[in-house]
Asks: 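After the structure tokens below, expect a handful of questions from me.
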Amino acid sequence: MLNTISIGSDHAGFEYKQSIISFLQTKKYIIKDFGTYSMDSVDYPDFAHPVSSSVVQKEYSFGILICGSGNGVAITANKYNGIRAAICWNEELSILARQHNDANILCIPARFVSIEMALRIVTLFLETPFEQGRHKKRVEKINKNNTFL
């Protein structure tokens, strides 16, 4: 199951999404594309919700969301109990999001990284394990006693 990825983007992230899908398919990942399917203007929550839901329901191991800044999709995804969406714009943040935060959705700011950097970020995010240890207790506290979700 670790090779299953759900992905979505708004119009600003469409070209990146297409490149990431092609890249991951060459690495034998199973991909579910929740859209958008063109560069026509759309609303990012329409794609962040199904990706987040698919990860919460354990239909997919990880999610990848792309929009212009990464903020909109991250804010939307983090509304879901059990989602730990991280905005990553460099390699170190991608590694730390997995090692320390057990992030399960990667949010990429398409307007702030090159496609080459985005592909490195994706690779590191998917290949980096959660360290557990002292970080496990912290991650467990994220959704503790959340009655509003």
Asks: How would you list, by chain and number, every residue that makes a side-chain hydrogen bond (donor to acceptor under 3.5 Å, both in side chains) with Ser69, sequence neighbours excluded?
Replies: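 Counting only residues at least two positions away or on another chain, Ser69 forms a side-chain hydrogen bond (donor to acceptor under 3.5 Å, both in side chains) with Asn71.
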Asks: ring-ring contact (aromatic ring centres under 6.0 Å, His included) with His11: which residues, sequence neighbours excluded?
Replies: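 Partners of His11 under the ring-ring contact (aromatic ring centres under 6.0 Å, His included) test: none.
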Asks: Could you work out the complete set of other residues in the hydrophobic cluster of Phe47, with links drawn between I, L, V, M, F, W and Y side chains under 4.5 Å apart?
Replies: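 Members alongside Phe47: Val42.
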Asks: Strictly by ring-ring contact (aromatic ring centres under 6.0 Å, His included), give each pair with a member in residues 87-131 just once, sequence neighbours left out.
Replies: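 Listed once each, the pairs are Phe62-Phe125, His100-His135.
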Asks: Any salt bridge (Lys or Arg N to Asp or Glu O under 4.0 Å) pairs touching residues 61-73, not counting sequence neighbours?
Replies: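 Matches after skipping sequence neighbours: none remain.
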Asks: Would you list the pairs meeting salt bridge (Lys or Arg N to Asp or Glu O under 4.0 Å) in which at least one residue belongs to residues 116-132, sequence neighbours left out?
Replies: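 Of all non-adjacent pairs touching residues 116-132, those that pass salt bridge (Lys or Arg N to Asp or Glu O under 4.0 Å) are Glu91-Arg120.
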Asks: With ILVMFWY side chains joined below 4.5 Å, transitively, what does Leu96's cluster contain besides itself?
Replies: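 Besides Leu96, the cluster holds no residue at all.
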Asks: For Ser6, what residues pass the side-chain hydrogen bond (donor to acceptor under 3.5 Å, both in side chains) criterion, not counting sequence neighbours?
Replies: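 Expected list: Ser54.
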Asks: Using side-chain hydrogen bond (donor to acceptor under 3.5 Å, both in side chains) as the criterion, list what pairs up with Asp102, not counting sequence neighbours.
Replies: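 Residues passing side-chain hydrogen bond (donor to acceptor under 3.5 Å, both in side chains) with Asp102: Arg84, Arg98.
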Asks: Suppose clustering is done on Ile, Leu, Val, Met, Phe, Trp and Tyr with side-chain heavy atoms closer than 4.5 Å. Which residues sit in the same group as Ile30?
Replies: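 Members besides Ile30: none; it forms no cluster.
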Asks: Please, which pairs that meet salt bridge (Lys or Arg N to Asp or Glu O under 4.0 Å) have at least one residue in residues 14-34, sequence neighbours excluded?
Replies: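 Only Lys17-Asp33 qualify under salt bridge (Lys or Arg N to Asp or Glu O under 4.0 Å).
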Asks: Under the rule for side-chain hydrogen bond (donor to acceptor under 3.5 Å, both in side chains), what residues qualify as partners of Ser38, not counting sequence neighbours?
Replies: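 With sequence neighbours excluded, Ser38 shows a side-chain hydrogen bond (donor to acceptor under 3.5 Å, both in side chains) to Asp40, given in chain and number order.
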